[in-house]
Amino acid sequence: MANLAIAGGRPVIDQPYPPYITVGAEEKTAVLEVLDSGELSGFLAKWNPGFYGGKQVQALEAEWRAYYGAAHAVSVNSATSGLYAAMGAAGVGPGDEVIVSPYTMSSSCACALVYNAIPVFADLDPLTFNLSAETIAAALTPRTKAVVVVDILGNPADFEPIMDLARRHGLVVIEDAAQAYGALYHGRQAGNLAHMGVFSLNRHKTIQCGEGGMVVTEDADLAERVMLIRNHAEVILRERPAPTLVDMLGQNYRMTEVDAAIARCQLRKLDDLYARRLANVERLTGLLAGLPGLATPYVAPDTRHGYYLYGLRLDAAVAGVERDLFVKALNAEGVPMVAGYTQPVYWEPVYQQKQLYGSVGCPFSCPFYEGQVRYDKGLCPVCERLYYQELMTTPVCHAGAAPADIDRVAEAFHKVYANLDELKAWAAAQG
Ligand SMILES: *Cc1c(COP(=O)(O)O)cnc(C)c1O
């Protein structure tokens, strides 16, 4: 009789894992109030009060400023929109390079391409999986204009040395805090750690309104430019001239009143949702302690991880099993687990083929671009090692999971470890 589910035994978890649902009665009431008001958006592409959006949008932004202690908070309809607007606000353009992380959601890098600039991938710190001042410094050139630093999985990057480096080289730093709700760095909230911070409210994030995002900054000029890009800048600037028209082509990145009303409810729930997530993480980390070759999430001193995902590293030589096989065995036991998070972003066809605008290869072959950017395999060895060999990620610690769910996840790990011989025999029989 087989023990492991992958070999035909009984899985530890034989029910679907609890989903993460954060919307309820409060959101229903708030949405109905907006519907009753009849005003589903308050935005106008005019230099009048409608430029700033409707009641819910403005209330959400005020509440976000208060929660984050930020001077400016500008809502947008996704974090992608927020990253695009932030990149435009930074004045990035043709010939510029933007240093980005290879281990992130694609738009953390695409935001440079949108402005005809060149994403330059820097490697990761092997413990946090984030860019560091060292890896950024190694990718600097005279063309570097900006850096997008992602707090991946919710773990804050080491921003103090990064901002020192940026000051010395005159770089604009954008923090992609889409995953970093609840995270703290040296007593400060993630999202507040760079010149601009971008949050996501898409339905997978710690808090959500379906689709949405927020840009925070201490800089009034940057905030103004983000607001212009959000709302048809080229029209507004007829009535309200700006000192420069650079990157002032507007989009429609405006949030609806319905989404803003939901996001307001979600922001009020954030502390509680995060506290329950953290309790699950601490429980799981405790239960997994001591399993050979398995590293639970690294948290730097004076830092709090956001745990959007719980990331583990497996050292196959110590554990005695390859990561991919280990993940398959966990999946068979009913544990949602992904090997490697996401592909290195430079694998995407746009980078491999260096084609984007029109048929002439811009921005990669733009006559103003004087560099030689690389996107070949081996470019970021730490990222590639994490992706191919070591890292696995799971959402199991979300606030919708009960302690008993976490206990069963840990039980599945222990079961696989206790039956490695059976697992390897099963794999050998598969050929
Ligand atoms: C989710 C996510 C985004 C994009 O968020 P959207 O709101 O879906 O556009 C960007 N960066 C990171 C790191 C993300 O996790």
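In each ligand, atom 1 is the first atom listed, and ligand 1 is the first ligand listed.
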Quiz prompt | Contacting atoms of ligand 1, where contact means under 4.0 angstrom from a heavy atom of Val150 | solution = 13 (C)

Quiz item: How far is atom 3 (C) of ligand 1 from its nearest protein heavy atom, and which residue and atom is that?
Solution: Met105 SD, 3.7 Å

Quiz prompt | Shortest protein contact, atom 10 (C) of ligand 1 (heavy atom only) | solution = Asp176 OD2, 3.5 Å

Exercise. May I ask you to identify, for Ser108, whether its side chain, its backbone, both or neither come under 4.0 Å of ligand 1 on a heavy-atom basis?
Key: side chain

Quiz item: What protein heavy atom is closest to atom 9 (O) of ligand 1, reported as residue, atom name and distance in Å?
Solution: Thr80 OG1, 2.5 Å

Quiz item: Counting heavy atoms only, which part of Ala178 comes closer than 4.0 Å to ligand 1: side chain, backbone, both or neither?
Solution: side chain

Quiz item: Would Val409 and Leu284 satisfy side-chain contact (heavy atoms from CB on, under 4.5 Å), going step by step from the backbone distance to the final call?
Solution: CA-CA 8 Å; Val409 168; Leu284 184 59; 4.0 Å; yes

Quiz item: Which atoms from ligand 1 have a heavy atom of Ser107 less than 4.0 Å away?
Solution: 4 (C), 10 (C)

Quiz item: Hey, which atoms in ligand 1 end up nearer than 4.0 Å to a heavy atom of Thr104?
Solution: 13 (C)

Self-check item: atom 15 (O) of ligand 1: the protein heavy-atom neighbour that sits closest, reported with distance to 0.1 Å
Solution: Gln179 NE2, 2.8 Å

Quiz item: Does an N or O anywhere in Lys205 fall below 3.5 Å from an N or O of ligand 1?
Solution: yes

Exercise. Please say whether Leu201 places an N or O atom under 3.5 Å from an N or O atom belonging to ligand 1.
Key: no

Practice problem: Before signing off on this row, confirm whether Glu211 and ligand 1 have an N or O atom pair separated by under 3.5 Å. | Solution: no

Self-check item: Glu97 side chain vs Ile118 backbone, donor-acceptor pair below 3.5 Å
Solution: no

Practice problem: List the steps, then state whether side chain to side chain donor-acceptor pair (under 3.5 Å) holds for Glu211 with Ser78. | Solution: CA-CA 6 Å; Glu211 305 284 357; Ser78 71; over 6 Å; no

Self-check item: CD (Glu370) with more than 12 external heavy atoms under 6.0 Å
Solution: no

Practice problem: Below 4.0 angstrom from a heavy atom of Ala79, which ligand 1 atoms are there? Numbered from 1 as shown, please. | Solution: 4 (C), 5 (O), 6 (P), 7 (O), 9 (O)

Practice problem: Run the numbers on Tyr274 and Tyr181 for ring-ring contact (aromatic ring centres under 6.0 Å, His included), then give the verdict. | Solution: CA-CA 8 Å; Tyr274 178 77; Tyr181 291 106; 9.8 Å; no

Exercise. Quick one: look at Ser81 and ligand 1, take heavy-atom pairs under 4.0 Å, and tell me if it's side chain, backbone, both or neither.
Key: neither

Quiz item: Rounded to the nearest 0.5 Å, how far apart are CE of Met214 and CZ of Arg65?
Solution: 9.0 Å

Exercise. Check for a donor-acceptor pair, side chain of His186 on one end and backbone N or O of Phe159 on the other, with a separation under 3.5 Å.
Key: no

Exercise. Could you please spell out the steps behind the side-chain contact (heavy atoms from CB on, under 4.5 Å) verdict for Val373 and Val120?
Key: CA-CA 7 Å; Val373 71; Val120 171; 4.1 Å; yes

Quiz item: Looking at atom 8 (O) of ligand 1, what's its closest protein heavy atom, distance included?
Solution: Asn202 ND2, 2.8 Å

Quiz item: So, for Tyr346 and Phe121, is the gap between ring centers shorter than 6.0 Å?
Solution: yes

Quiz item: Atoms of ligand 1 less than 4.0 Å from Ser78 heavy atoms?
Solution: 7 (O), 9 (O)

Practice problem: Return the minimal non-hydrogen interatomic distance between Thr141 and Thr144, and the atom names on each side. | Solution: N-OG1, 2.9 Å

Practice problem: Measure from the ring center of Tyr387 to the ring center of Phe129 and say whether it is less than 6.0 Å. | Solution: no

Quiz item: Any idea which atoms of ligand 1 are less than 4.0 Å away from a heavy-atom of Gly212?
Solution: 7 (O)

